Structure formats: structure tokens, C-alpha cells
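Numbered from 1 within each chain, the chains take letters A, B, ... in sequence-line order. Because the structure is a prediction, the values reported are computed rather than measured. Every heavy atom of this structure was used, including side-chain atoms; hydrogens, water molecules and symmetry mates were not.
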There are 2 protein chains.
Amino acid sequence: MARIKTEKNISRKDVIVTKAAALFREKGFKAASMRDLAEAVGVEAASLYNHIKSKTELLHELCFSVANRFLHKIDEIEAEPISSIAKVEKLLRFHINEMIMHYEEVYVSDREWKHLADPYLSNFQNQRRIYRKRFAAIIEKGIQNKEIKKIDAPTAVLIMLHAISGIESWHRSTQKISAAELEENMITILVGGLVNH
Amino acid sequence: MARIKTEKNISRKDVIVTKAAALFREKGFKAASMRDLAEAVGVEAASLYNHIKSKTELLHELCFSVANRFLHKIDEIEAEPISSIAKVEKLLRFHINEMIMHYEEVYVSDREWKHLADPYLSNFQNQRRIYRKRFAAIIEKGIQNKEIKKIDAPTAVLIMLHAISGIESWHRSTQKISAAELEENMITILVGGLVNH
DNA sequence: TAATATCGCTAACGGATGTTAGCAAAGATA
DNA sequence: TATCTTTGCTAACATCCGTTAGCGATATTA
């Protein structure tokens, strides 16, 4: 009988969620089957249900844990006594690092949230909308300060967030530049596109 | 008996492909069923097979028609006697307009190509890789000319392409700025992030 | 109008899917 | 060791999926 291996402070459920992130990233939520997931975990499909309620629950966990991390970060950054452009840069660096280090979860949260079911779906969409508005507000402030070019702030947010999701391609590419170089390049281009010269 | 309505020069297959693009965009390729598609077309699922060979064929058509449009455009732009930064701008404007006007096809091609089956899959990935390299080469040339900042060209390409895919959010947003404004904002930020001041 | 090709329908297929029931093995606790 | 809880297994379910066969209806052509 093959047991799910756990280490200290990592529940069997956590193991499943982590493997699910990798699988959902690779195949997409719909195309990834519970039998696929079971195989990745090293167990039969039915056994998964001793630890989780449903396939969608896995998606909930992934989407909301990622969303919460970003919400906490923007809370923190908004409160700091620094320039708007510095706030934007800090937020971007956080996004970049999250995408570099927790790539699978972040990617899944970004691409597969459509498959959430209500009420989680509306909830997630709301959080997302609010987050983007707060991000846009920081940029708007920077425009008023003349730190940032006169641009449409929501469009800028949209560009920043989607640009960062391109790190997915970096992960899959064979000849990667280092993570640090990637971060600096992205900041150079994105912040460089915003600042008022 | 409900027939698929066609207009002049539009085959029934074209009608199906177009509806498929909308459906695949909305639900994702895997989650969109042939019965969904049939309903959107106004016909029974089995009837679709009088016009198409398979569900995947729909994806082929969408992915490759989009890819071909971009390849033709980059052919054209490479040959023009203009500065590197002007080439980048032209290419970006093309991407932006494609995403604005043929949003559903472009989006599907971008997000759902993973579900292609070999040999189409490898083929598509190759075309994509080559396209990005050609795009990167234009940027690289601009860096040598000192028109463009010293950045990692592949990373810049990645940012540009993904940033543009953010237009999807613009499409779904309720209070949109105009398409023309969107284009100018994106060019301002993205080209502004590249040019060497 | 008669002959032919096109198109849409119903019915059904084989297979994959998420999930449940019920039992057995293993670990934890006493 | 005896008891209880946790975990995994096999088997099976209902449902959905893409797709095919075969027939009748409709449009096209002569």
C-alpha cells in the first residue's frame, strides 16, 4: 500500500495541492484528470478524496492563496512613505519574484480561475478587480505627481501584469538568463515605460 | 430542419470556425464541448461533422491562420528601410490591432495551442520560436544602433507579446477607453520602455 | 420535374471523467 | 496488546465527451 510521503509540517493535502499546481499548469485544469494527479502523487484516484473534497477545491486553494499573497503585499506597499514610482517598482518586483519562485501556483491562479464555480468565481473576480484598481490608483497618483507619464492608468496596470506573466516562457526556455538578470531587465523596460523623463 | 445560415463568400465551415473561436475563448478548448458549439451554431452536434473533420481541426485552423498573419507581417516589416525602433513600433501596432479586431482568434491561438496534437503542435511551436527570434533580432539590431536600451532582447520580446495579450482584459471591461486610445497608451509605455534616452 | 449532392437529424458507440461506497491495511494511542 | 482513526484500495456509478452510422429532408443541377 503506497502512502503519500510527507515531511514535517507538510500535510498530505499540501502535497496534493502542490502536485495539482504543477499538473494544472502543464495541462490546464480541465485537461488534467484526477487520475493523472493520483499518478503524480503515487496513489489511486479515489484515495485523493480522503484528503480533499473535490477537484475544484484544489483550484480554490491555489487561486485564493496566491490572491491573498498579493493583497497582503499591496496593503504593505500602500502604507510605505515612498514615491509612487518606487511603489510601482516594489510591486512589480514582488510580482516578478512570485512568478519566478512560485511559478506554477501563480500561473494557474492567473490562467485557470475561469473554472472556479460560484460563489468562489465572483469572489475571485472581485478581489482581482479591486487589486487592479488599487494598483491603478498608485499609478494615478504618480501621474498627478508628474513622476509618471500621462497615460491611462488601468491600461498601464494591464500591461504590467500581463508582461510579468510572460515569465512563464522564461521558465520553459532552455537557455535562460539568470533570475536576477530577468528581474532587472523587466524592471528596466516596464518602469522605464512609465517614468516621465 | 435548421440550416446554418451563410452569407456570400462565407462557407458553413467558416461560420463554425468563427463560433468555435468565440467559444474556445470563453470556456477554453477543453471545456468547450461540441454540443456547446452546435448550440451556438444552431444545429445538432453530429451535424457539425458534415463540415469539419474533428474538434482539433478547428483549433488547427485558428492557430495557424493567426500564426500566418503574423509571419507575413514580420516578413513585410523586416524588408522596410526604417529604423529598428520604427520596426518594433510597427510590429507592436499590428499586434495590438489584431488583438483588438480579431480578439477571439488571436486569444485562442495564444492560450490554447497546447491542446494541438503532433505534428501540428511541434510545427506551431517552431513557428512561434522562429517568430520570436526574428522579433528579438530586430530589437538586437536596435541595441547595436543605440536606438534601444541595453537589455536582453528575448526578454523584451516576451514582455511585449504578453503585454499585448492583456487587451483581453480591455475587451471584457465594462468601461473601455477607445481602441485608438488603447493603442496609443500601449505604444507609449512599451516603446517608451525600450528607447534609449 | 427528375436526379444528384448537400446537409441535418436521431440514435448510439466506446471511452474518459469526477466521485462514492465499502472494505482492508497501517499508524497512532492507550 | 487492544482500540480507534487515518489512509489507500478495488469496484462501480452516472454523466459527459467526441465521433460515427444511417436515414430523411432540402437545395442544386439537368
Which nucleotide in [options] has an atom nearest any side-chain atom of [X]:
X: A/Met34; options: C/dT19, D/dT19, C/dC7; result: C/dT19
X: B/Ala46; options: D/dA21, D/dG8, C/dG8; result: D/dA21
X: B/Glu44; options: C/dT17, C/dT10, C/dG8; result: C/dT10

In whole angstrom, give the distance that lies between atom [atom1] of [X] and atom [atom2] of [N].
X: A/Glu57; N: C/dG18; atom1: CD; atom2: P; answer: 15 Å
X: A/Leu37; N: C/dA16; atom1: CG; atom2: P; answer: 18 Å
X: B/Ile52; N: D/dT20; atom1: CD1; atom2: C1'; answer: 13 Å
X: A/Ile16; N: D/dT7; atom1: CD1; atom2: P; answer: 10 Å
X: B/Leu48; N: C/dT10; atom1: CG; atom2: C1'; answer: 15 Å
X: B/Leu58; N: D/dG18; atom1: CG; atom2: C1'; answer: 12 Å
X: B/Arg12; N: D/dT28; atom1: CZ; atom2: C1'; answer: 12 Å
X: A/Tyr49; N: D/dA12; atom1: OH; atom2: C1'; answer: 15 Å

Quick one: is [X] getting a side-chain N or O under 4.0 Å of the [N] phosphate, OP1 or OP2?
X: B/Ser47; N: C/dC9; answer: yes
X: B/Arg35; N: D/dC16; answer: no
X: B/His51; N: C/dT6; answer: no

Parallel, tilted or perpendicular: rings of B/Phe124 and B/Phe64 (30°, 60°): perpendicular
Check [Y] with [X], please: is the shortest side-chain N to carboxylate O separation under 4.0 Å?
X: B/Arg172; Y: B/Glu168; value: yes
X: B/Glu105; Y: B/Arg69; value: yes
X: A/Glu80; Y: A/Lys87; value: no

Touch class at under 4.0 angstrom, heavy-atom based, for A/Ala32 against every strand present: sugar-phosphate
Aromatic ring proximity, centroids under 6.0 angstrom, B/His95 and B/Phe70: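 For B/Phe70 and B/His95, the ring centres are under 6.0 Å apart.
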Most 5' of A/Phe29 and A/Asn50 on DNA chain C, judged by nearest nucleotide: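 Nearest nucleotide further toward 5': that of A/Phe29.
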